[in-house]
2 protein chains.
Amino acid sequence: MNLLPNSTMSKSYLHTEIYEKIKQDIISGKLREQTRLASIRKHAEFLAVSTTPVEMAYRQLIAEGFIESRPRRGFFVVKMSEMYRNLDMAQVQYLDSSLPTLQAQKPEYIYDFHMSKIDFAYFPIQEWKRLLNQVFNPESVDMLFYGDPQGEPGLRSEITNYLYQFRGVNCQADNIVIGAEQHLLIHILGQILKDHSDCVAVENPAYPLVYNTFQTTGYQIYPMPMDAGGLDPTALKASHARIVSISPSHQFPVGTVMPVSRRLELLEWAKEVDGFIIEDDYGGEFRYQDKPVPSLQGLLPNDNVIYLGGFSQVLAPDICIHYMVLPDKLVPLYHQYRRKVMMEGSSSRIHQNTLELFMKNGSFERHIRRMRNVYRKKNRELLTAIQQHFKNKATVIGASAGLHVILQIHSHWSEEDLTAIARKEGIRISPATGFYLDETPGQKQFIVGFGGIKLNCINEGIGLLHHIWTPMLQ
Amino acid sequence: MNLLPNSTMSKSYLHTEIYEKIKQDIISGKLREQTRLASIRKHAEFLAVSTTPVEMAYRQLIAEGFIESRPRRGFFVVKMSEMYRNLDMAQVQYLDSSLPTLQAQKPEYIYDFHMSKIDFAYFPIQEWKRLLNQVFNPESVDMLFYGDPQGEPGLRSEITNYLYQFRGVNCQADNIVIGAEQHLLIHILGQILKDHSDCVAVENPAYPLVYNTFQTTGYQIYPMPMDAGGLDPTALKASHARIVSISPSHQFPVGTVMPVSRRLELLEWAKEVDGFIIEDDYGGEFRYQDKPVPSLQGLLPNDNVIYLGGFSQVLAPDICIHYMVLPDKLVPLYHQYRRKVMMEGSSSRIHQNTLELFMKNGSFERHIRRMRNVYRKKNRELLTAIQQHFKNKATVIGASAGLHVILQIHSHWSEEDLTAIARKEGIRISPATGFYLDETPGQKQFIVGFGGIKLNCINEGIGLLHHIWTPMLQ
DNA sequence: ATGGATTTGTCCGTATGTATG
DNA sequence: TCATACATACGGACAAATCCA
């Protein structure tokens, strides 16, 4: 990189270049943790530019959690352990769907701990619009026509890179299928796996999308018991199922992170029975404590994993872009089915191409890092608040990743009643037992999301919740 | 050269003059390399003109490699050594930007009679972008979140009005379900009709989307014979099916328009057997000869018709908005299924809301009327051309509506061969017999679309087609 | 130890290229 | 063509933190 003033740099911005350089130095280890960066003035003088771009670069690095500012003392590279501290975003998109429209029903919660809410305050809307305008102009009207039903090749290629770098997934662009809705993708999956098996083993509890879609497609569903490591392989082997659906990076709703040993065991199983593991990795980007666990898909050279991902949590639901990564042997089956039912693309090419640019120019990566920090703070605030108010009258489960935790209490009151009482005071939380396929746990469990609520409302909300629940706690 | 504002320069453009002046100064050495030019505003003020011509002049100089832009810092004269290299670069860049996006350019076909192509020359892209910007701004970030899974209420309401006014469909906004893909909607339909019947009667030939989707969902498919009025009700009654799928306004691919008497007969049948008619009305907007026939759905007060429509043909495929109109008694079943599989909205709210405004302010109606005229001209041109060239050696079927006709000829050659021969000469048409479910008709049939091809290419293309086919015609 | 000088993060006003309408 | 909005870049002001005689 050349930052001398008389160098030719007609394309990129100064602050972006400075940011990139420092980021690389941190990642590569050239800048060790706790190292103090050159001061803004010094750095600016060295580069012979003004202080502003340097300052902007530093701020971006702070937002993404690479460095921290100690006022009047300097900027310091943060500890690696902190850098990866992020809850992985839970894949929960559970909308309160018992109501006809989410829109119309606005009971206006004051403290909204809804689990699928995310924080749009930091969405780079200007950048997005800029790219959108770049993509969509009078010269590109042809983009209004049908595109590749599998998804725009350029975007699939970007997703490939991203998955490799961030989730350790190994695939080619041809393995990726893009769709506007998770249900649609699972439905396709159900169709192309029909000849392989007629039953699916699932985690219990679990998010109903996958198992209900398979069930309505004609599959039998086998609920599997779970332990601290996630789904129990022994039970799986005994079931004689050949397809299993899991969410190893942050199990819904419990938040279990499946250890690597168990992942390997499952991969071994899949190979033995020639089965398939459906790895639902929605939100695997967000972890708060340690480094993200590599995905099953990329753990071993393997042809038995179907990886599911999407941009709802990590960017915005409205762009309607989800994807699945099919092993090579399933790709022809997909095309066969796609042709048979005359499938068109379901995700708008305008959004797809905008997202491609967004990923290509680094904005996406920056956004993820920034959001990871934002959510980490909220996560910490929530845990502190629960500890402070509930003390030993509550247990928290699954707090190391995702955008929600499980709050577990003892009470004779039903989860529904407790939820209703909270709602009356303007607090939104959700009961968790609805996600169990059969028997429910002894304690009362609630899903407390922290993605959408403002940081400074968290403590207040939890305090109020504890206050109104006090008579009902044991 | 005089650049004073009062000077008379009737011929040349301002920006050209400014450009020439600076270019001369650079070439003559008056402006040394690395010199910073006056900023756009300063220069404009000095010349007492607006900033735009100065900006254009600077851009031209950049394109030709005389100067470079350092963002937010100024424009600088490039080094002479680089100037010649840049000249080449500029050339390349110019070529690049003159290409109308990478995607579309497939110069394979000179005369593209593809059936699903539509004419984007008249798409009101500026108006659309205006509305898009109105809809999508920093204040509306919340629109990036999940919306109503059934579709935005505002848009559903607009569609209701439109359907009533243009297609004679009677419904409420609550009856409309919006989805990103036809296959998805039919799939949902298949799921919620499961308890009603396990077989579907379909037209033969037909577009495979509906029947193959039903078939993979587990339904049996009954192909029904057709006559000049469309699907034969006698055969339908004999089949004991209770669900039938038809496209009465412009049957695919034959183009039959079902007369009102037959429609009434079918409605009668549906009532008797408590069955359902799936009315696929794609392309019903475009009729060229007489008034549009009212849809079955609105013909009689009836609770047995499911209406299918979308905006792919009439506006643009890429907005990914299709819809179905469910009778009241099916609406609860839809919600039940939607909740069970945790369905989210699949069409982008940004597009939905933009479309809503587009319909609300009358642009949509104007666009339809305009396109109807455009396609009518092309339709007439195509018929004239076929008559002129093929004379009595070809028959045309289904020419009164839609965006394609069936060209029917006698030949010993296969449809595939004839299609291939046409392709070699740069003509794209499609064989029609692939759409028959069993036996094929005696004559060779081809689908000739006229939506995408330029008006003045039609006669030429048909002439060429006739010319190359002459030896094979009987 | 101390007070002044220096360094530093932070904030702000202005200028500029770019995009939009 | 003009006017406007916006993010960036420049350079300076200020107070807190640090350093040094």
Side-chain angles (χ1 to χ4, degrees), chain A residues 3-20 36-63 67-76 124-139 354 357 361 363 366, chain B residues 5 9 12-18 36-63 67-76 124-139:
Chain A
L3 281 175
L4 292 176
N6 46 357
S7 75
T8 65
M9 37 184 170
S10 43
K11 275 191 227 162
S12 58
Y13 294 115
L14 278 173
H15 72 269
T16 311
E17 301 217 10
I18 299 166
Y19 155 82
E20 284 292 345
R36 183 177 171 282
L37 299 190
S39 81
I40 291 178
R41 284 173 182 73
K42 283 272 158 57
H43 201 148
E45 194 182 3
F46 171 70
L47 297 175
V49 298
S50 83
T51 56
T52 313
V54 179
E55 189 183 336
M56 290 177 78
Y58 283 19
R59 299 219 162 277
Q60 184 64 33
L61 290 163
I62 291 172
I67 63 174
E68 60 182 356
S69 161
R70 303 184 195 160
R72 270 89 217 190
R73 301 182 62 200
F75 295 94
F76 297 81
I125 192 163
Q126 292 300 342
E127 171 74 357
W128 188 268
K129 285 192 78 164
R130 193 178 69 81
L131 296 175
L132 184 106
N133 280 314
Q134 198 173 315
V135 156
F136 183 48
N137 56 57
E139 280 83 50
T354 306
L357 293 187
N361 76 5
S363 296
R366 279 197 293 280
Chain B
M9 29 186 176
S12 59
Y13 291 106
L14 260 179
H15 68 266
T16 312
E17 301 220 9
I18 299 167
R36 183 177 170 285
L37 301 191
S39 80
I40 291 179
R41 283 174 180 72
K42 283 271 156 56
H43 200 145
E45 194 181 4
F46 172 70
L47 297 176
V49 297
S50 86
T51 56
T52 313
V54 180
E55 188 183 338
M56 289 174 77
Y58 282 21
R59 295 212 168 280
Q60 186 62 33
L61 288 164
I62 291 172
I67 63 174
E68 63 180 353
S69 159
R70 300 182 195 162
R72 272 89 206 187
R73 304 178 68 196
F75 295 94
F76 297 81
I125 192 164
Q126 293 300 345
E127 171 72 357
W128 187 269
K129 285 191 77 164
R130 194 179 68 81
L131 297 174
L132 183 97
N133 279 315
Q134 197 173 317
V135 157
F136 184 48
N137 56 56
E139 280 83 51

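Chain letters run A, B, ... following the sequence lines, proteins first, then strands; residues in each count from 1.
The residue B:K42 sits close only to the backbone: its heavy atoms come under 4.0 Å of sugar-phosphate atoms, none of a base. Base engagement by B:R41 is indicated by at least one non-hydrogen atom pair under 4.0 Å involving a base atom.
The end-to-end axis angle of the helix from C:dT2-D:dA21 to C:dG21-D:dC2, rounded to 10 degrees and based on five pairs per end, is 10°.
Taking only side-chain nitrogens and oxygens, A:R59 comes nearer than 4.0 Å to OP1 or OP2 of C:dT10. Between A:N133 and C:dT20 there is a side-chain N or O to OP1 or OP2 distance below 4.0 Å. Between A:R130 and C:dT20 there is no side-chain N or O to OP1 or OP2 distance below 4.0 Å.
Computed from coordinates, the A:K129 NZ to D:dA7 C1' distance equals 15 Å when rounded to whole Å. A:I67 has its CD1 atom 14 Å from the C1' atom of C:dT8, to the nearest Å. Atom CD in B:E127 sits roughly 17 Å away from atom P in C:dT20 (whole-Å rounding). Atom CZ of B:R70 is separated from atom P of C:dG17 by 12 Å (rounded to the nearest Å). Rounded to a whole Å, the CH2 atom of A:W128 is 16 Å from the P atom of C:dT20. The OH atom of A:Y13 sits 11 Å away from the C1' atom of C:dT16 (whole-angstrom rounding). The interatomic distance linking B:I40 (CD1) with D:dT8 (C1') rounds to 14 Å, in whole Å. What separates CZ of A:R36 from C1' of D:dT18 is a distance of 10 Å, to the nearest Å.
Residues from residues 50-58 of chain B placing a heavy atom under 4.0 Å of any atom in DNA chain D, listed by number, are B:S50, B:T52.
Residue A:R73 places its side chain closer to D:dA17 than to any other of C:dT20, D:dC10, D:dA17. Here the side chain of A:S39 is nearest to one of D:dA7, C:dG9, C:dG17, namely C:dG9. Nearest nucleotide to the A:S69 side chain, out of C:dG9, C:dG17, C:dT20: C:dG9. Of the candidates C:dG9, D:dA9, D:dC10, the closest approach to any side-chain atom of A:H15 belongs to D:dA9. With D:dC10, C:dT8, C:dT18 as the candidates, the nucleotide lying closest to the side chain of A:R72 is C:dT8.
The distance from atom CD of B:Q134 to atom CZ of B:R130, rounded to the nearest 0.5 Å, is 5.5 Å. Atom CD1 of A:I62 sits about 5.0 Å away from atom CZ of A:F75, to the nearest 0.5 Å. If you take NZ on A:K42 and OG1 on A:T51, they are separated by 14.0 Å, rounding to the nearest 0.5 Å. How far CG of B:L132 is from CD of B:Q126: 12.0 Å, rounded to the nearest 0.5 Å. In this structure, the separation between CD1 on A:I40 and OG1 on A:T52 is 9.0 Å, given to the nearest 0.5 Å. Taking NE2 of A:H43 as the start and OH of A:Y58 as the end, the distance is 5.0 Å to the nearest 0.5 Å.
A salt bridge does not link B:E45 with B:R41: every distance from a Lys NZ or Arg NE/NH1/NH2 to an Asp or Glu carboxylate oxygen is 4.0 Å or more. The residues A:R70 and A:E68 are annotated as salt-bridged, a charged nitrogen and a carboxylate oxygen being separated by less than 4.0 angstrom.
Nearest heavy-atom pair across B:R36 and B:R73 is NE-O, 3.0 Å.
Between the side chains of A:N137 and B:K129, not a single donor N or O lies within less than 3.5 Å of an accepting N or O.
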